[in-house]
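Both counts, for ligands and for their atoms, begin at 1 and track the order of listing. Excluded from the calculations below are hydrogen atoms, water molecules and symmetry mates; all remaining heavy atoms, backbone and side chain alike, are included.
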Amino acid sequence: MPDPAGTTSATGLLAAIADVGVDRRRGGYSRHGFDRVELALREWFVAEATRRGLDVRTDRNGNLWAWWGTPGPDAVVTGSHLDSVPGGGAFDGPLGVVSALAAVDLLRAKGFTPTRPLAVVVFAEEEGGRFGVPCLGSRLLAGTLDPDAARRLADPDGVTLAEAVADAGLDPARLGRDDEALGLAGRFVELHVEQGRGLVDLGAPVGLASSILAHGRWRFRFTGEGNHAGATLLGDRRDPMLPASATVLAARRAASHVDGARATVGRLVPNPGGTNVVASTVDVWLDARSGDDAGTRAVVGEITAQALSAAADEGCEVAVTEESYGDTVHFDPGLRDELAGVLGDVPVLATGAGHDAGILAARVPTAMLFVRNPTGVSHAPAEFAEAADCAAGVVALAAVLERLAG
Ligand code: GLV
Ligand code: MN
Ligand code: MN
């Protein structure tokens, strides 16, 4: 709620949604694109924006745009996402959204009126926690994801994106590149909790982003023969869990061969998944990242070769599917310098995390602000930002918006 001076704090706004999407089984939050929880958060955002006199519009891909002033070209856009990874933290995404609202309050309280349109945006399904493709809303908007392929994406219960967006009141036929919506954005600035210890080590509450690693997701489906765990002799088995396990180990090994690379298997699903059952299939999702396209491709190539060899050794088949990919992003240096001029001597950091800002950067001059995270942990409940640092983030964002929209 706005305080008597007409401003809100980012932490106050985060407190208002602290109960939404708590995951009692995993810990942390599970908030996924177009699910009941994310829809409740969107409703909350619409109410908060409307209360501030912002005009909220939903674009063709389910991204929300809350306008201060008449929507028009060369707009200054800020915002982030409200969804989370499974069992994620409270700050990744929501901090950028609430800080944008709090920055609007701060600017209003100062008597500032933008001379160019300003919008707070909430992107749909940034984490890909439900449909598997990260930055789903921004990729569709920017035209970097084929809408036919997107419509067919299915969640673990088999609900397609087309069905989910239809349930949310959108027309699935209209998903896809939306130049009318994105064409209004003249500059984009996303504030985000830092997802490492860079700002902690530098002793700074706020920083700017330089780049994002080249990263993607690959699914390895190993197919063997489902059978009985007790009755099937070892020599008679075609157990897909063996090449799946070899792939997990290969991921660590391959990443260690490329400077700065990371490779992670955070999700592995055996089918049918019984303790006394030799699985018939195992799906392994690989997340691989490095400083450039060649490095990331080299890591994935090595893992794939080892997966194929381990599958052959066990008499299994393997199918590899690239589910998403994005090359290295270098944020607009001119915009970054302009923001550095506003913020003074703040650190400039590269990040290993993906962001909607990374997608928009291909179309719109884009920058990112990071807020210090004392734990350095993200995508887990320990993700954190101190109230004072959140407030510093809001002040920094407000100063940037004042500069860009003033
Ligand atoms: C999203 O935060 C990602 O980096 O995958
Ligand atoms: Mn994230
Ligand atoms: Mn995020």
Side-chain angles (χ1 to χ4, degrees), residues 10 14 17 21 23 26 28-33 38 41 45 63 78-100 121-139 145 188-196 198 209 211-219 251 255 260-267 285-291 296 322-329 331 349-361 366-371 373 375-385 390 393 397:
L14 284 180
I17 54 171
D23 189 327
R26 298 184 175 102
Y29 292 98
S30 291
R31 300 160 163 171
H32 302 312
E38 202 237 11
L41 289 171
F45 172 78
N63 307 303
T78 184
S80 192
H81 59 98
L82 290 170
D83 66 303
S84 73
V85 295
F91 296 83
D92 177 355
L95 184 64
V97 175
V98 300
S99 298
V121 66
V122 175
F123 289 110
E125 175 87 335
E126 189 271 351
E127 300 287 5
R130 181 172 178 194
F131 293 103
V133 175
C135 302
L136 189 57
S138 56
R139 281 183 206 262
L145 177 62
F188 177 57
V189 180
E190 178 170 1
L191 178 146
H192 206 278
V193 68
E194 203 209 336
Q195 297 173 283
S211 60
I212 294 179
L213 296 179
H215 66 288
R217 298 180 181 189
W218 290 262
R219 188 187 69 184
R262 300 106 208 242
T264 308
V265 174
R267 189 173 159 216
W285 280 268
L286 169 71
D287 177 308
R289 312 184 187 213
S290 87
T296 306
E322 182 175 294
E323 295 196 333
S324 67
Y325 186 72
D327 202 349
T328 316
V329 172
F331 289 112
L349 307 167
T351 176
H355 300 284
D356 294 306
I359 303 298
L360 261 63
T366 294
M368 287 192 78
L369 292 177
F370 291 132
V371 171
N373 173 355
T375 67
V377 171
S378 187
H379 285 184
E383 179 183 277
F384 190 58
C390 293
L397 181 61

Contact between [X] and [Y] at the side-chain level, heavy atoms closer than 4.5 Å - yes or no?
{"X": "F91", "Y": "V371", "value": "no"}
{"X": "R217", "Y": "P134", "value": "yes"}
{"X": "I212", "Y": "F331", "value": "yes"}

Task: All salt bridge (charged side-chain N to carboxylate O under 4.0 Å, His left out) counterparts of D327, not counting sequence neighbours - done: none
Open item on the list: Within less than 2.8 Å, report the number of protein N/O/S atoms around the Mn ion (ligand 3).
Closed with: 3
- [ ] Please name all residues satisfying side-chain hydrogen bond (donor to acceptor under 3.5 Å, both in side chains) with T375, sequence neighbours left out, ordered by chain then number.
- [x] N373
Using a cut-off of under 3.5 Å, which N/O atoms of ligand 1 pair up with protein N/O atoms, and what distance separates each pair?
| from | atom 1 | to | atom 2 | distance (Å) |
| --- | --- | --- | --- | --- |
| ligand 1 | 2 (O) | E127 | OE1 | 3.2 |
| ligand 1 | 2 (O) | H379 | NE2 | 3.0 |
| ligand 1 | 4 (O) | R289 | NH1 | 2.8 |
| ligand 1 | 4 (O) | R289 | NH2 | 3.3 |
| ligand 1 | 4 (O) | G354 | N | 2.6 |
| ligand 1 | 5 (O) | R289 | NH2 | 2.8 |

Open item on the list: I need the minimum non-hydrogen distance between E190 and G79, along with the two atoms involved.
Closed with: CG-O, 3.2 Å
Open item on the list: So which atom in S99 and which in L95 form the shortest heavy-atom distance, rounded to 0.1 Å?
Closed with: OG-O, 2.6 Å
Task: Criterion side chain to side chain contact (heavy atoms under 4.5 Å, CB included) against P86, the qualifying member of R130, R267, R26, E127 - done: R26
- [ ] Could you check whether the rings of H355 and F370 sit parallel, tilted or perpendicular, using 30° and 60° as the cut-offs?
- [x] tilted
